[in-house]
Peer 1: 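Pasting in a structure now, in structure tokens, and then I'll have a few things to ask.
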Protein chains: 2
Amino acid sequence: MTLARGVRARAGAAIPDATVARLPVYLRVLGVFLERGVITVSSEELALTAGVTSAKLRKDLSHLGTYGTRGVGYDVGYLRFQISRELGLTHEWPVVVVGVGHLGHALVHYGGFASRGFQIVGMFDVDPDLIGTTVTALQPPRTVQPLSELESTIAATGAAIGVIATPATAAQGVCDRLVAAGITAILNFAPTILTVPEGTELRQVDLGLELQILAFHEQRKVAAVQA
Amino acid sequence: MTLARGVRARAGAAIPDATVARLPVYLRVLGVFLERGVITVSSEELALTAGVTSAKLRKDLSHLGTYGTRGVGYDVGYLRFQISRELGLTHEWPVVVVGVGHLGHALVHYGGFASRGFQIVGMFDVDPDLIGTTVTALQPPRTVQPLSELESTIAATGAAIGVIATPATAAQGVCDRLVAAGITAILNFAPTILTVPEGTELRQVDLGLELQILAFHEQRKVAAVQA
DNA sequence: TAGATTGTTAATCGATTAACAATC
DNA sequence: TAGATTGTTAATCGATTAACAATC
């Protein structure tokens, strides 16, 4: 379940895959400390909350640079920024949403995208009753476009992420068009398995499947999957 | 990003964590072959589609048992069943949904849960207008219950998975109650970060975050995240 | 039998861990 | 300075890989 290969630190040395995979966990935990107003944390505290050993945490952070202070610990805000930057999270990502039925409508109104740094730059449907309607809850407000404008909007906005909230039967066709248009990440809410062209390296994550596996194998653990 | 530790094969030997993490990928790929009517696959074909080397695939499968036939390959349906069984996916999982507003309503109507082996055994809300309403789209139909009945329903149904689709402000309180009631996996749609009691081992996955990381680090790859 | 492909072996590679020197 | 905690070292552990004997 490799997130990245050959990610390069500023110094030029590659960051191990295993380390990159843990960085989002550290980021999340640092966010909690920040909310609580904590200024400084030791590797011991941070590791305990993140569920790793302090040795592993220090080793991981040492690949990014030397951001700690011996005898003191790490500055929560500063470390959080450095990890964010390493992961490429310091800027917003334009997103297109295909399918504005019940689920799609609820998703764009829910605020979960905006609060995570996603900006919805296009919404598409084939239903004439939906096309032309405006979602004023978005900043800025967006109007549902006909699906035929999908490619041109992706090209114009540079959207990198696509959300599929269509019926199952339409999902694969939409997926093909998103891939062809240059989308690099797809969040699929349609209850179907998508395939992408051969040669496209694909990281398939089935959230439902993962939940079941977690519930089965980690009976006493909790998986809080933020969707 | 370990899914399981010390998972035991029938023979009694532990299956390596790295192998368990790849089993869902093989499962997904086998599903695609099955849909296409393919009877037998070689490790080479399967590995190519799954994005691993054939040596790694054979090594992984050897931990589960000897399910292949030398000179022939693997029976798609049989191997798929064996992996499913290993992952604990051969039976249904009871799910409770907390929050039946726009998003919760859309989720229970969408069919994505049922098609993945989740059975919704309880829906909860605090809104008097929603309590008592019945969702006939479910099999069997379910009636929205007051939140006060959350614990008793979890105990009665043995629900292991909870879905949070409440406003952000209510999510943490619901999370606490789910954990206390013995829920082992939480799918959180509220746009907030949840924390669980110290000592609870927690696997945090932020789907939004993962999408951003994928889009940033794997510019030419597609991540079809099935939500 | 001959060709094909698995399951396993052994060597290589990378990740984890504990201990501690460096240093705030 | 004395106490605390980082960043790094070196040894251990586990995962990956390529080659091939086993066998359908």
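Labels below follow one simple rule: chain letters A, B, ... track the order of the sequence lines, proteins then strands, and each chain is numbered from 1. FYI, side chains are in, hydrogens and waters are out, and symmetry mates aren't considered; it's all heavy atoms of this structure.
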Peer 1: Could you point out which residue of A:Leu138, A:Val98, A:Val96 forms a side chain to side chain contact (heavy atoms under 4.5 Å, CB included) with A:Met123?
Peer 2: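 Among A:Leu138, A:Val98, A:Val96, the one that satisfies the side chain to side chain contact (heavy atoms under 4.5 Å, CB included) with A:Met123 is A:Leu138.
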
Peer 1: My understanding is that only residues two or more places apart in sequence, or in another chain, count here; which of them pass ring pair (Phe, Tyr, Trp, His ring centres under 6.0 Å) with B:Phe81?
Peer 2: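 Scan of B:Phe81 (ring pair (Phe, Tyr, Trp, His ring centres under 6.0 Å), adjacent residues dropped) gives none.
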
Peer 1: In whole Å, I'd like the distance from the NE2 atom of B:His63 to the P atom of D:dG14.
Peer 2: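 Nearest whole value for this atom pair: 13 Å.
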
Peer 1: Rounded to the nearest 0.5 Å, what separates atom OG1 in A:Thr49 from atom OH in A:Tyr26?
Peer 2: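 Rounded to the nearest 0.5 Å, the OG1-OH separation comes out at 11.5 Å.
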
Peer 1: Scan for salt bridge (charged side-chain N to carboxylate O under 4.0 Å, His left out) pairs involving residues 50-74 of chain A, sequence neighbours excluded, and state none if there are none.
Peer 2: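 Counting only pairs at least two positions apart or across chains, the salt bridge (charged side-chain N to carboxylate O under 4.0 Å, His left out) contacts touching residues 50-74 of chain A are A:Arg22-A:Asp60.
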
Peer 1: Within the structure, does a side-chain N or O atom of B:Tyr74 lie under 4.0 Å from either OP1 or OP2 of C:dG7?
Peer 2: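 So the side chain of B:Tyr74 is within the cut-off, an N or O lying under 4.0 Å from OP1 or OP2 of C:dG7.
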
Peer 1: Rounded off to whole Å, could you give me the CG-to-C1' distance for the B:Leu46 and C:dG7 pair?
Peer 2: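 About 15 Å, once rounded to whole Å.
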
Peer 1: Got a list of protein N/O to nucleotides 15-18 of chain C N/O distances below 3.5 Å?
Peer 2:
unit_1, atom_1, unit_2, atom_2, d
C:dT16, OP1, A:Arg22, NH1, 3.0
C:dT16, OP2, A:Arg22, NH2, 2.9

Peer 1: Write out the stems for DNA chain D, ordered by first number and formatted as range with range, counting runs of at least 3 consecutive Watson-Crick or G-U wobble pairs under 3.5 Å.
Peer 2: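 Stem segments, range with range: C:3-24 with D:3-24.
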
Peer 1: Assess whether side-chain contact (heavy atoms from CB on, under 4.5 Å) is satisfied between B:Thr69 and B:Thr40, documenting all intermediate values.
Peer 2: CA-CA 10 Å; B:Thr69 306; B:Thr40 307; over 6 Å; no

Peer 1: Please output the side-chain donor-acceptor pairs of residues 154-170 of chain B that fall under 3.5 Å, not counting sequence neighbours, one pair per line with the distance.
Peer 2:
unit_1, atom_1, unit_2, atom_2, d
B:Thr157, OG1, B:Thr153, O, 2.7
B:Thr157, OG1, B:Ala159, N, 3.3

Peer 1: Please check this pair: side chain of B:Thr19 against backbone of B:Ile15, looking for a donor-acceptor N/O pair closer than 3.5 Å.
Peer 2: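 Side chain of B:Thr19 to backbone of B:Ile15: no pair is present.
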
Peer 1: Rounded to the nearest Å, what distance is computed from the CG atom of residue A:Leu57 to the C1' atom of nucleotide D:dT5?
Peer 2: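 Value for this atom pair: 12 Å.
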
Peer 1: Any donor-acceptor pair, under 3.5 Å, between the side chain of A:Arg70 and the base of D:dT5, if you only look at N and O atoms?
Peer 2: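 No such pair is found, so the answer is no.
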
Peer 1: Any side-chain N or O of A:Tyr67 less than 4.0 Å from the OP1 or OP2 oxygen of D:dT5?
Peer 2: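 So the side-chain polar atoms of A:Tyr67 never come under 4.0 Å of the phosphate oxygens OP1 or OP2 of D:dT5.
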
Peer 1: Among residues two or more places apart or on two chains, list those pairs meeting salt bridge (charged side-chain N to carboxylate O under 4.0 Å, His left out) that have a residue in residues 29-46 of chain A.
Peer 2: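 Checked against salt bridge (charged side-chain N to carboxylate O under 4.0 Å, His left out) - neighbours excluded - no pair reaches residues 29-46 of chain A.
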
Peer 1: What is the separation between atom CD1 on A:Ile15 and atom P on C:dG14, rounded to the nearest whole Å?
Peer 2: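 It works out to 16 Å between those atoms.
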
Peer 1: Apply ring-ring contact (aromatic ring centres under 6.0 Å, His included) to A:Tyr67 and A:Tyr74, showing your working.
Peer 2: CA-CA 7 Å; A:Tyr67 299 133; A:Tyr74 300 89; 8.7 Å; no

Peer 1: Would you say B:Thr69 places a side-chain N or O within less than 4.0 Å of OP1 or OP2 belonging to C:dT6?
Peer 2: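 Indeed not, no polar side-chain atom of B:Thr69 lies that close.
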
Peer 1: Please give, in whole Å, the distance from D:dA4 P to A:Glu44 CD?
Peer 2: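 Computing the A:Glu44:CD to D:dA4:P distance gives 13 Å.
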
Peer 1: Whole angstrom is fine here: how far is it from CG in B:Leu61 over to P in C:dG7?
Peer 2: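 Distance, rounded to whole Å: 8 Å.
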
